[in-house]
Amino acid sequence: MVENNLKVWPFIEAKKLLKRFENSKKKECIFQTGYGPSGLPHIGTFGEVLRTTMVMKAFRYLSDIPSKLFVFSDDMDGLRKVPQNIPNQNLIKENLEKPLSSIPDPFGKFKSFSEHNNNKLIDFLKGFEFDFIFKSSTEQYKSGKFNEGLEAIFDNYEDICNVILPTLGKDRRETYSPFLPICKSSGKVLQVKVKELNKSLKKIVYFNPITNSEEDCSIFNGECKLQWKVDWAMRWYVLGIDYEMNGKDLIESYILSNKITKIIGGRSPVNYTYELFLDEKGEKISKSIGNGISVDDWLRFSNKKSLELFMFQNPSRAKRLFFDIIPKTTDELLKLKNDYENLPKEQKFNSPIWFIDEKNEEKTPEKISFNMILNLASVCNAESSEILWGFIENYYPKIVKEDNKLLNELLGYGVVFYKEFILPNKKYRNPSDKEKIGFKKLIEVLETSSTDEEPEEIQTKIYEIGMSLKFENLKDWFSAFYQVILGQDQGPRLGSFIKFYGLKKTILLLEEKLSDEK
RNA sequence: GCGCCCGUAGCUCAGUUGGUAGAGCACUCCCCUUUUAAGGGAGUUGUCAUGAGUUCGAGCCUCAUCGGGCGUGCCA
């Protein structure tokens, strides 16, 4: 059997699901990932959706059972703190503790804060062409779709409390309730003790500190929501979730939700715990601290596929997420892509490429690595990818631009890298009188040169200027160009540089530096 | 205190079911060079955190110790 050779983690996960379906009458396999819309989607959200999608892909290969992915937004949750990265902070402050879907959009574009963030998430995920169905918690509650599950929780109220209460601290134990009523006068999510269950009317009775009176509310149709761990269990139960992964920080929550699911007669999904992302110092990445790097950061310096590769590798191992791994991962991607074609068919399934870029249409010349491109960008004033392309073409004369879309893309990232990290750190020194004469001569020579000239010819002309000025060490003449004109100690071969940078542009650059001098 | 994860070359990390320790970067040398390397080739680098145990054989399995991270309140 081919299946025995499928050893990468998404296939191992998919096989667990196959086993689950052996004794099940279920006709559909549902995957779920969760998202808290109090902030914008971050790299953890992305990783979870991507990795779940990879399991789904493996499952679809192994099984004919239809499958779908729910991306569930907890937009019924009360907002506890004002996020620091948004406008109209006062507006949010006035609406704290209300469900996210009842808080106005501080950006003024949508009906609510959560709708804004939900839309950001959907756009974000669509940008990666994920195949998913979005689910809003608020919508599920208010439409009554959760009623069946809410009733199951209500009917097992005591058993559930007996599971949760021992895990809570003393203070919280006093106020805990699986049901959190939504205050009818203030709209806030109330964390209050339930005094009584009205079993015939399916209502809860509680003391509302806002109105200072005893009130009741139905458990149905969004009049109250469930506390998180119970909510998770109820959601598995009602939506029939078969697979959900979570970060290591949620292990305890999963165990509890698992117990609750059993109590209400459900079956917990197959679960996979992935490790958290760490920053450069080895500490947990957190949205509020802002350490580590974001999806956007990554995509400024490399492509989506490299980020996907990073997410594929070793989810069960804590990984440090900082800038240096971007070029590294990109080069691994290039290598894997180049190797993929020659893999025996059964080995292809174990390659990350099968999961992230099965068609694998775009490849790069074997000898060119992303690290090399970045080095190249840092030495040759890479203001545009055209300049980089010139150097590459010079080195690999047979290369055809139209056939190397991916390479071109990478050159673009090289330019970004140059502008971001190299350009701001440049230090230009003033030329000596002798060097000034040399540069003026160089301008004259370039002005009379044809644009057809080969790099070698230009190189010879520069060399001759150096000779005519009798530099003690000819190297100093070339160094002067790097230090005065390019703002760095070393650089590319000048003949090539001027050719690819452009004669006219080089003249302008020289004139600019000569007149800038103070 | 308890639970889980991690500790492999100077740095960042791979090491599949136990079978002679690997890669990239860095470093050294050579090639290429009418100044250079961004390139090509060769080379150096390890008490696999420590100590014991199981085994013919341990980076991998077991136990203990040390060091780091996360969880163990609330919230999600």
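Being a predicted model, the structure only gives us computed values, none of them experimental. Keep in mind that the numbers below use all heavy atoms, side chains included, and drop hydrogens, waters and symmetry copies. Sequence lines set the chain letters: A, B, ... in the order given, protein chains first and strands last, and positions in each chain run from 1.
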Which part of the nucleic acid, if any, lies within reach of [X] when heavy atoms closer than 4.0 Å are counted: base, sugar-phosphate only, or nothing?
X: A/Arg80; value: sugar-phosphate
X: A/Phe481; value: nothing
X: A/Ile462; value: nothing

Distance in angstrom units between [X] [atom1] and [N] [atom2], rounded:
X: A/Phe417; N: B/rA38; atom1: CZ; atom2: P; result: 12 Å
X: A/Ile325; N: B/rC13; atom1: CD1; atom2: P; result: 9 Å
X: A/Leu256; N: B/rG73; atom1: CG; atom2: P; result: 10 Å
X: A/Glu252; N: B/rG73; atom1: CD; atom2: C1'; result: 13 Å
X: A/Asp249; N: B/rC5; atom1: CG; atom2: C1'; result: 13 Å
X: A/Asn371; N: B/rG39; atom1: CG; atom2: C1'; result: 14 Å
X: A/Leu276; N: B/rG71; atom1: CG; atom2: C1'; result: 9 Å
X: A/Glu456; N: B/rU35; atom1: CD; atom2: C1'; result: 13 Å

Between A/Lys335 and A/Asp331, does at least one N-O distance fall below 4.0 Å, as a salt bridge requires?
-> no
On the ring face of A/Phe277, is A/Lys319 found with NZ or CZ under 6.0 Å from the centre and within 45° of the axis?
-> no
Think A/Lys513 forms a cation-pi with A/Phe439, using NZ or CZ under 6.0 Å from the six-ring centre and within 45 degrees of its axis?
-> no
Tell me the partner of [N], counting only Watson-Crick (N1-N3 plus N6-O4 or O6-N4) or G-U wobble (N1-O2 and O6-N3) with both under 3.5 Å; none if nothing fits.
N: B/rU16; value: none
N: B/rU62; value: B/rA52
N: B/rU28; value: B/rA42
N: B/rA9; value: none
N: B/rG71; value: B/rC2

With [atom1] as the reference atom in both, quote the distance from [N] to [M] in angstrom, rounded to an integer.
N: B/rU45; M: B/rA64; atom1: P; value: 36 Å
N: B/rC60; M: B/rA9; atom1: P; value: 15 Å
N: B/rA52; M: B/rC13; atom1: C1'; value: 29 Å

Taking the six-membered ring for Trp, is the centroid-to-centroid distance between [X] and [Y] below 6.0 Å?
X: A/Phe417; Y: A/Phe370; result: no
X: A/Phe355; Y: A/Phe11; result: yes
X: A/Trp354; Y: A/Phe312; result: no

Among the nucleotides B/rC74, B/rC5, B/rU35, whichever has the atom closest to the side chain of A/Arg172 is B/rC74
Regarding the side chain of A/Gln191, the nearest nucleotide among B/rC75, B/rA76, B/rC13 is B/rC75
Donor-acceptor pair (no angle test) under 3.5 Å: A/Thr460 side chain, B/rU34 base | yes
For A/Tyr463 and B/rU34, say yes or no: do the ring centres fall under 5.5 Å of each other while the ring planes differ by less than 30°?
-> no
